[in-house]
Amino acid sequence: VLAVFGSLIMIPMDFELEGKGTLEPVTRQDIFAPQPGIVQQLDVDHGTKVNVGDRLLLLHSPNLEIELERLVGSHESITEQLGAIERLLIGRDLREEERITAFGQRADKAEQLESLEEQIELVREKQAQLAVISNIAGEVLSWNLEYRLKGRHVEPGQRLLTVADPDGDWEVEIHMPEDRMGHVTHQQQSQEGKPLKVLFRLATDPGTELTGTVSEIHYNAEIRGDEGNTVLISVEIDKNALPSEPRRGAEVTAHIYCGRVSLGYWLFHDLIGWIQREVLFRI
C-alpha cells in the first residue's frame with residue numbers, strides 16, 4: 001500500500017488537457033443582417049469566390065419603402081406650402097403683423113424641410129445597406145443558402161453566411177471547459193510568455209498527430225450546447241501539415257500541454273477538481 005501511494009506521489013507524468021474543437025481559416029467573416037427585411041435575391045452559393053465589395057445578397061424592406069414614401073410626401077407638401085408663403089411675400093403688400101407672421105411661417109417650413117431631408121437621407125442610407133457586401137476576398141463557406149435564406153425574413157444581427165479565405169492560414173479553435181482553464185492559465189504563467197504546446201488530431205485523419213501552439217485565449221466563457229461553459233482557445237498551426245484540401249469545421253481533438261504532475265494527480269485530476277468545486281468550495 002505504501003508503495004502504491006508513494007508511486008502516486010513521486011512518479012511524474014506529462015499533464016495534457018483534452019478539448020474538442022474545429023479547424024477554421026484564420027481570415028473569415030461572418031455576415032450579419034444589417035436591417036430587418038426579406039432576402040429578395042441571393043448572389044452567391046456555397047463555394048462562390050468573392051472579392052472585396054461584391055454583393056452577397058439583397059434584402060427587401062417594405063417598412064423602409066413605406067417610411068420613405070411618407071417622408072417624400074411630407075417633403076413635397078411642405079415645399080408647396082413654402083412656395084405659397086414666398087409668393088405671398090412677393091406678390092402683395094402686407095401689413096406689418098402679416099409680414100412678421102409670414103416670415104415666421106417661412107422659417108418654420110424651412111426648418112421642417114431640413115429635418116425631413118435628413119430623415120430621407122437616413123432612410124436611403126439604410127436602404128443602401130440592404131445590399132449586403134463582402135468586406136474580404138475569399139469563398140462562401142455556408143451551405144444550403146437557397147433553402148435557409150431565400151424569401152426568409154431576417155432580423156438585425158442575425159448571421160446570414162460566412163466568407164473565408166481557404167488559401168490563407170488556418171487555425172484550430174478549442175472549446176475548453178471552463179473548469180479546466182485554471183490549469184491552462186497556471187501553465188501559461190509559469191512559461192513566462194512562451195506559447196503552450198498543443199497536440200491535435202483531425203477526425204478526418206485520426207492516425208496523424210499534428211502540433212501547434214496557443215496563440216490566443218478568449219477568457220469570456222460561453223455556453224456551447226452539451227459542452228456547457230467553455231472558453232475559446234485559438235491554436236496557431238502549420239498549414240502545410242494539413243491535408244491538401246482542409247475542410248472548415250472539421251472536428252478536432254486537441255491536448256494542451258500543462259506541465260508535469262504526479263501520477264496520482266494525472267489519474268484523478270477530474271475527481272480532485274470536482275471535490276474542490278463541490279465540497280471544499282461549499283464548506
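Fair warning: this is a prediction, and the values are worked out from it, not measured in the lab. Starting from 1, each residue takes its place in the sequence as its number.
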Original post:
Honestly curious: do Leu58 and Val50 fall in one hydrophobic cluster under the side-chain, below-4.5 Å linking rule?
Top reply: no
**OP:** Tell me, yes or no, whether the heavy-atom count around Glu111 atom CD, taken from other residues, nucleotides or ligands under 6.0 Å, exceeds 12.
**Re:** no
**OP:** Quick one: closest heavy-atom pair of Gly212 and Phe200, and the distance?
**Re:** N-CE2, 4.2 Å
Subject >> Note: Glu24-Arg248 ion pair, threshold 4.0 Å (strictly below) >> reply: yes
Original post:
Quick one: do Leu23 and Val163 end up in the same hydrophobic cluster if we chain Ile, Leu, Val, Met, Phe, Trp and Tyr together by side-chain heavy atoms under 4.5 Å apart?
Top reply: no
Original post:
Should Phe15 and Ile174 be regarded as members of a common hydrophobic cluster, given that ILVMFWY residues are connected when their side-chain heavy atoms come within less than 4.5 Å of each other, either directly or indirectly?
Top reply: yes
Original post:
What residue among Glu117, Glu80, Gln112 forms side chain to side chain donor-acceptor pair (under 3.5 Å) with His75?
Top reply: Glu117
**OP:** Please examine the side chains of Leu59 and Val154, heavy atoms only from C-beta on, and report whether any two atoms are closer than 4.5 Å.
**Re:** yes
Original post:
Is there a donor in the side chain of Gln35 and an acceptor in the side chain of Lys126, or the other way round, less than 3.5 Å apart?
Top reply: no
Subject >> Path from Met176 to Leu199 over hydrophobic side-chain contacts below 4.5 Å >> reply: no
Original post:
Just by distance, with hydrogens left out, do Asp43 and Gln41 show a side-chain donor and acceptor under 3.5 Å apart?
Top reply: yes
Subject >> Donor-acceptor pair, side chain of Arg159 and main chain of Ala33, under 3.5 angstrom >> reply: no
Original post:
Do Thr208 and Asp205 have side-chain N/O donor and acceptor atoms under 3.5 Å apart?
Top reply: yes
Subject >> Minimum heavy-atom distance between Val231 and Met181, given as atom pair plus value >> reply: CG2-CG, 3.6 Å
Original post:
For the residue pair Asp165 and Ala137, what are the closest heavy atoms and their distance?
Top reply: CB-O, 3.9 Å
**OP:** With rounding to the nearest 0.5 Å, note down the distance linking CD1 in Ile38 to NE2 in His153.
**Re:** 7.0 Å
**OP:** Supply the atom-to-atom distance Asp54 CG to Ile136 CD1, rounded to the nearest 0.5 angstrom.
**Re:** 11.5 Å
Original post:
Considering only heavy atoms from C-beta outward, does the side chain of Arg247 approach that of Thr204 to under 4.5 Å?
Top reply: yes
Subject >> Any Asn63 side-chain heavy atom under 4.5 Å of Pro36 side chain >> reply: no
Original post:
Any donor and acceptor pair, going by atom type alone, linking the side chain of Arg124 with main-chain N or O of Leu68 inside 3.5 Å?
Top reply: no
Subject >> Atom pair CD (Gln40) and CG (Leu149), whose distance is rounded to the nearest 0.5 Å >> reply: 14.0 Å
Original post:
Hey, what do you get for CD (Gln188) to CG (Leu196), rounding to the nearest 0.5 Å?
Top reply: 5.5 Å
Original post:
Can Ile120 and Val72 be said to form a side-chain contact (heavy atoms from CB on, under 4.5 Å), step by step?
Top reply: CA-CA 7 Å; Ile120 289 172; Val72 170; 4.2 Å; yes
**OP:** Look at the side chain of His175 and the backbone N and O of Lys20, then say whether any donor-acceptor pair between them is shorter than 3.5 Å.
**Re:** no
**OP:** Determine whether Glu76 and Thr79 make a side-chain contact, defined as any pair of heavy atoms from C-beta on separated by less than 4.5 Å.
**Re:** no
Original post:
How about His46: does its NE2 atom have over 12 heavy atoms from other parts shown lying under 6.0 Å from it?
Top reply: yes
Subject >> Glu67 with Arg70: basic N within carboxylate O range, under 4.0 Å >> reply: yes
Original post:
Does Asp169 pair with Lys239 as a salt bridge, N-O distance under 4.0 Å?
Top reply: no
Original post:
Within the side chain of Arg201, is there an N or O that forms a donor-acceptor pair under 3.5 Å with the backbone of Pro206?
Top reply: yes
Subject >> Test side-chain hydrogen bond (donor to acceptor under 3.5 Å, both in side chains) applied to Asp30 and Thr162, step by step >> reply: CA-CA 4 Å; Asp30 290 326; Thr162 301; 2.7 Å; yes
Original post:
Can Val132 and Phe32 be said to form a side-chain contact (heavy atoms from CB on, under 4.5 Å), step by step?
Top reply: CA-CA 9 Å; Val132 182; Phe32 299 93; over 6 Å; no
**OP:** Please assess Leu232 against Glu222 for the test side-chain contact (heavy atoms from CB on, under 4.5 Å), listing each intermediate value before the final yes or no.
**Re:** CA-CA 8 Å; Leu232 180 62; Glu222 297 181 11; over 6 Å; no
Subject >> Residues, nucleotides or ligands: over 12 heavy atoms within 6.0 Å of Glu114 CD >> reply: no
Subject >> Distance-only donor-acceptor check, side chains Gln189 and Thr185, under 3.5 Å >> reply: no
Original post:
Counting distance only, does the side-chain N/O of Arg28 pair as donor-acceptor with the main-chain N or O of Pro25 below 3.5 Å?
Top reply: yes
**OP:** For residues Pro195 and Val214, report the shortest heavy-atom separation together with the two atoms involved.
**Re:** CB-O, 3.7 Å
Original post:
Side chain of Arg152, backbone of Tyr147: donor and acceptor closer than 3.5 Å?
Top reply: yes
**OP:** With the side chain counted from C-beta on, respond yes when Leu57 and Leu160 share a heavy-atom pair under 4.5 Å apart, and no when they do not.
**Re:** yes
Original post:
Counting N and O atoms only, with roles assigned by atom type, does the side chain of Ser190 sit under 3.5 Å from a partner on the main chain of Gln187, one being a donor and the other an acceptor?
Top reply: yes
Subject >> side-chain contact (heavy atoms from CB on, under 4.5 Å) evaluation trace for Val252 with Thr22 >> reply: CA-CA 5 Å; Val252 171; Thr22 56; 5.7 Å; no
Subject >> Validation row: Leu113, Leu82 side chains within 4.5 angstrom (heavy atoms) >> reply: yes
Subject >> Side-chain donor-acceptor contact under 3.5 Å, Gln105 with Thr101 >> reply: no
Subject >> Which atom of Ile237 lies closest to which atom of Trp170, heavy atoms considered >> reply: CG1-O, 3.2 Å
**OP:** State the NZ-CD distance between Lys197 and Glu16, to the nearest 0.5 angstrom.
**Re:** 8.0 Å
Original post:
What's the shortest heavy-atom distance between Pro156 and Pro34, and which atoms?
Top reply: CB-O, 4.3 Å
**OP:** Evaluate the side-chain proximity of Leu202 to Glu251: yes if any heavy-atom separation is below 4.5 Å, no if none is.
**Re:** no
Original post:
Same cluster for Ile133 and Val39 if Ile/Leu/Val/Met/Phe/Trp/Tyr side chains link at under 4.5 Å?
Top reply: no
Original post:
Can you tell if the side chain of Pro177 reaches within under 4.5 Å of the side chain of Leu17, non-hydrogen atoms only?
Top reply: no
**OP:** Measure the spacing between CD of Gln29 and CG of Leu161 and express it to the nearest 0.5 Å.
**Re:** 9.0 Å
